[in-house]
Visitor: 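My structure is below; once you've seen it, I'll send some questions.
For the numbers below, each heavy atom of this structure counts, side chains included, while hydrogens, waters and symmetry mates do not.
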Amino acid sequence: MKLKIVEKMSARLGLLACGLVMVGGCTAEIGRKPFESDVKCLREQMGTTMQLSFPIAANTCQRMSDHNFVFSRNHKHAEPLPLKLRGAPDLQKMADEYGYSYTK
């Protein structure tokens, strides 16, 4: 009887571990919610109680060319994509000030 319980427990733990690896391999960019715009992410990061500066918020929100996929082929050559700051002239001004590339 104990053997069946141990087998079921290890099978469940194995499934849980596989699930975590699968989910961890395709996580969204760090600091972002899926389908969140760059402008919204920047405003949320800069509006927290910590009052992050623009460079820290931009580094948190900026997407990478490999989408931060853990098992990417070009992980060593991933580059930051320009921020999409359409309709946010204040953020565009800060991006110019700190040298971040962006699209209007």
Visitor: Would you say that R43 contacts D90 through its side chain, given a criterion of any heavy-atom pair below 4.5 Å between the two side chains?
Guide: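 Side chain of R43 against side chain of D90, heavy atoms only: contact under 4.5 Å found.
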Visitor: Tell me whether E97 at atom CD has more than 12 heavy atoms from other residues, nucleotides or ligands lying less than 6.0 Å away.
Guide: yes
Visitor: Of the non-hydrogen atoms in E36 and R63, which two are nearest, and what is the gap between them?
Guide: O-NH2, 2.9 Å
Visitor: Say you draw a straight line from CG of L91 to OH of Y102; how long is it, rounded to the nearest 0.5 Å?
Guide: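 Rounded to the nearest 0.5 Å, the CG-OH separation comes out at 10.5 Å.
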Visitor: Verify side chain to side chain contact (heavy atoms under 4.5 Å, CB included) between I56 and Q45, making sure each step is shown before the conclusion.
Guide: CA-CA 9 Å; I56 294 172; Q45 292 294 322; over 6 Å; no
Visitor: So how far is it from C61 SG to K84 NZ, rounded to the nearest 0.5 Å?
Guide: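 So the gap between those two atoms works out to 14.0 Å.
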Visitor: Is there a side-chain contact between L85 and L42 in this structure, where contact means two heavy atoms from C-beta onward sitting under 4.5 Å apart?
Guide: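 Yes, side chains in contact.
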Visitor: Which pair of non-hydrogen atoms, one from R86 and one from K104, has the smallest distance, and what is that distance?
Guide: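 So the two residues come closest at CB-C, 3.7 Å.
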Visitor: Can you classify the ring geometry of F54 versus Y98 as parallel (below 30°), tilted (30 to 60°) or perpendicular (above 60°)?
Guide: parallel
Visitor: Which pair of heavy atoms, one from M46 and one from A57, lies closest together, and at what distance?
Guide: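 Heavy-atom minimum between the residues: CG-CB, 3.6 Å.
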